[in-house]
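What follows is a short report on a single structure.
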Amino acid sequence: MKTPSMIEAKKRTKNKVNILYNEYNITDDMKIGTNKTYHIKTYGCQMNEHDSEVIRAMLEDMGYTNNDTMEKADVIILNTCAIRENAHNKVFGMLGRIKHLREERPNIITCLCGCMAQEEIVVNEIKTKMKWVDLVFGTHNIHRFPILLNEVAKNKEQEIEVYSKEGDIIENLPYIRDNKYKSWINIMYGCDKFCTYCIVPYTRGKQRSRKHEDIILEVNNLIKDGVLEVTLLGQNVNAYGKDLYDDYRMENLLEDVAKTGIKRIKFVTSHPWDFTDNMIEIINKYDNILPFIHLPVQSGSNNILKLMGRRYTKESYLTLFNKMREGIKNISITTDIIVGFPNETDEDFEETLDLYNKCKFDLAYTFIYSPRVGTPAAKMKDNITEDEKKERLERLNKLVSKYALESNKKLLNKKVSVLIEGYSEKGNDMLMGYTDTNKLINVKGDKKNIGKIVNVKVTDAKTWSLNGEIID
Ligand code: SAH
Ligand code: SF4
Ligand code: F3S
């Protein structure tokens, strides 16, 4: 048994990160999944989505097949998120449901992984009160999952293996993409920014960039497999390379990925601190780097930004924002905002609204601050009432909808480029896809266009989506 410690997770060492290429191997005695099924529930960010694709591939290599119905699956995996309290609550609620299921089907194997598995308090609770959870593994040892699952299936005893700290970078793990035409690519792991509210630097370890050669190889393989769009993933992608190279940075990586000829490139998430002018130049230079940037601001008040440890001011954010708006044609910019951070006064919140009115973001993800055990902000006095927090969120969300609609309306009757992914939930043979500015669009047109990038005329603009017709 190996359980995590937040104090260890917080430490940053200069230990060399090795890159291992041959760690993954499924031997015949690990193929225990024949005639058995699995069901994965994924919570949290794109990084978790992609980790679930890896876990899926491992299970299928072991002989298991996917089961859309959790109630009927032999192995249930909860890939969890620790970012806010409500993410926690959802998982504990689900664990309650699975406990009931086990009363009828005692042979179900229940696994919990992802960011909650890295939290000391969560693991302690599972260890002491939830003996029926069979396997807990963390974000640093996903590659060990098949071995651990095999052990649990044989021994029928609770197994917990969570490393507090990051280890090596494991290359060549398999994954099964959820989407035929789009793929996630991790370009780096971890985060060293330590924003005072955030648990990610503890659950994902120190920043570790993958080698650019390995990333490019992956892109080239995806192109051969028919992939049209890649999203380069990291908590803080603009800092790519800083931990690994003297002079190879995100702008170099973006350029090298663009040169592979892949049709569309996106990247998330950008931290304003590391965004360089050269990046703007590169985004402009290559048509296949999409004009879409997610640039979380978190707050419009300098007092709060300072307490959050974000390393920029409202003014410097606005300068960067304006450079992007002016420098990149048709750019769409989205953001994240937290309301109700400790000590946020009415004036501070008004500053956030003011910044929002200046930026008129294409979209924003807005959150009520949630204290995370072990982070510096959790020690600050949470001195804003629930009602105030909710009221601020509501006021902010009104602006979010207003400007989302406004920015969509600007596209009315315009021609936009869309990757058609499949049928729309709207039915009536409607298709769906995303524009090059990352806007969801429901499209009228022939199904032969699925899997193609086509030009679409926008016929209707709503707050959260567009409608259109394929023109060529
Ligand atoms: N690496 C990204 C964000 C990762 S988390 C970045 O730096 O921008 C995604 C979003 O969750 C954050 O941008 C923030 O808005 C929100 N978030 C993170 N911790 C939070 C907390 N403790 N309470 C509420 N929202 C939080
Ligand atoms: Fe969290 Fe800040 Fe790192 Fe983003 S940059 S993951 S908000 S610590
Ligand atoms: Fe959640 Fe972990 Fe992502 S905390 S947001 S799943 S990095």
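For ligands, and for the atoms within them, numbers begin at 1 and follow the listed sequence. Each residue takes its place number in the sequence, starting with 1.
Annotation: Tyr369 is in aromatic contact with Phe341 [ring centroid separation under 6.0 Å].
Note on ring orientation: taking the six-membered ring where Trp is involved, the planes of Tyr64 and Tyr38 are perpendicular (angle over 60°, cut-offs 30° and 60°). The aromatic rings of Tyr365 and His294 stand perpendicular to each other, their planes meeting at an angle above 60°, with 30° marking the opposite boundary. Note on ring orientation: taking the six-membered ring where Trp is involved, the planes of Phe194 and Tyr202 are perpendicular (angle over 60°, cut-offs 30° and 60°).
The existence of a salt bridge linking Arg102 and Asp134 is confirmed by a sub-4.0 Å separation between a basic side-chain nitrogen and an acidic carboxylate oxygen.
In terms of modelled atom types and a separation under 3.5 Å, the side chain of Thr69 and the main chain of Glu71 share no donor-acceptor contact. Asn150 places no side-chain N or O within donor-acceptor distance of the main-chain N or O of Pro146, the cut-off being under 3.5 Å. Asn288 places a side-chain N or O within 3.5 Å of a backbone atom of Ala258 that can act as its donor or acceptor partner.
Minimum heavy-atom separation, Val227 to Lys180: CG2-O, 3.9 Å.
Contact between Thr375 and ligand 1 is absent, with no heavy atom of the residue lying under 4.0 Å from the ligand. Remark: distances from the non-hydrogen atoms of Glu85 to ligand 1 are all 4.0 Å or more. At least one heavy atom of Arg204 sits less than 4.0 Å from an atom of ligand 3. By the 4.0 Å heavy-atom criterion, Asn236 is excluded from the residues contacting ligand 1. Not a single heavy atom of Gly114 sits under 4.0 Å from any atom of ligand 3. Within the structure, the closest approach of Ile338 to ligand 1 falls below 4.0 Å when heavy atoms are considered.
With no hydrogens or angles considered, a side-chain donor-acceptor pair links Glu315 and Asn302 at under 3.5 Å. For the 3.5 Å distance criterion, the side chains of Ser270 and Asn238 qualify, holding a donor opposite an acceptor. Checking Glu251 against Thr276 by side-chain atom types alone, a donor-acceptor pair falls below 3.5 Å.
In this structure, atom 7 (S) of ligand 2 lies nearest to the protein heavy atom Tyr197 OH, 3.4 Å. Summary of contacts: the protein heavy atom closest to atom 2 (Fe) of ligand 3 is Cys115 SG, 2.2 Å. Distance from atom 3 (Fe) of ligand 3 to its nearest protein heavy atom, with residue and atom name: Cys45 SG, 2.3 Å. For atom 7 (S) of ligand 3, the nearest non-hydrogen atom of the protein is Gln235 NE2, 3.3 Å. Taking atom 3 (Fe) of ligand 2 as the reference point, the nearest protein heavy-atom neighbour is Cys191 SG, 2.3 Å. Counting only heavy atoms of the protein, atom 4 (S) of ligand 3 lies nearest to Ala82 N, 3.3 Å. For atom 17 (N) of ligand 1, the nearest non-hydrogen atom of the protein is Arg84 NH1, 3.5 Å. In terms of protein heavy-atom proximity, atom 8 (O) of ligand 1 is closest to Pro296 CG, 3.0 Å. Looking from atom 6 (C) of ligand 1 to the surrounding protein, the closest heavy atom is Thr269 CG2, 3.9 Å.
For Ile83, heavy-atom contacts with ligand 1 shorter than 4.0 Å involve the backbone as well as the side chain. Contact annotation: for Gln298 versus ligand 1, heavy atoms closer than 4.0 Å belong to the side chain alone. In Ser370, the parts holding a heavy atom less than 4.0 Å from any atom of ligand 1 are both the side chain and the backbone.
Each of the atoms 22 (N) of ligand 1 lies under 4.0 Å from some heavy atom of Arg372. Ligand-side atoms of ligand 2 in range of Arg310: 2 (Fe), 7 (S), range being under 4.0 angstrom from any heavy atom. Taking a cut-off of under 4.0 Å to the non-hydrogen atoms of Asn48, the atoms of ligand 3 that pass are 6 (S). Atoms of ligand 2 found under 4.0 Å from any heavy atom of His271, numbered from 1 in the order shown, are 5 (S). Numbered from 1 in the order shown, with element, the atoms of ligand 3 that lie under 4.0 Å from a heavy atom of Cys81 read 1 (Fe), 4 (S), 5 (S), 6 (S). Atoms of ligand 2 lying under 4.0 Å from any heavy atom of Lys193, numbered from 1 in the order shown and given with element: 3 (Fe), 5 (S). Heavy-atom contacts of Val200 reach the following atoms of ligand 2: 6 (S) (cutoff under 4.0 Å). The ligand atoms of ligand 2 that sit less than 4.0 angstrom from a heavy atom of Phe194 are 8 (S). Every atom of ligand 2 with a heavy atom of Cys195 under 4.0 Å away is listed here by number and element: 2 (Fe), 5 (S), 7 (S), 8 (S). Applying the 4.0 Å criterion to heavy atoms of Pro201 picks out, from ligand 2, the atoms 8 (S). Less than 4.0 angstrom separates some heavy atom of Cys198 from each of these atoms of ligand 2: 1 (Fe), 6 (S), 7 (S), 8 (S).
The distance from atom OH of Tyr312 to atom NE2 of His271, rounded to the nearest 0.5 Å, is 5.5 Å. Atom CD1 of Ile333 is separated from atom CD1 of Ile328 by 7.0 Å, given to the nearest 0.5 angstrom.
Closest heavy-atom approach to atom 20 (C) of ligand 1 among the candidates Trp273, Tyr197, Phe341, Phe367: Tyr197. Among Arg310, Gln235, Met308, the residue whose heavy atom lies nearest to atom 4 (C) of ligand 1 is Gln235. Of the candidates Val339, Val297, Asp336, it is Asp336 that places a heavy atom closest to atom 12 (C) of ligand 1.
Considering only heavy atoms from C-beta on, Phe361 stays 4.5 Å or farther from Leu399 through its side chain. At a threshold of 4.5 Å between non-hydrogen side-chain atoms, the residues Asp274 and Tyr240 do not count as touching.
Cation-pi geometry between Arg395 and Phe349 is not met: the NZ or CZ atom fails to fall both under 6.0 Å from the ring centre and inside 45° of the normal.
More than 12 heavy-atom neighbours from other residues, nucleotides or ligands sit within 6.0 angstrom of CD on Glu213.
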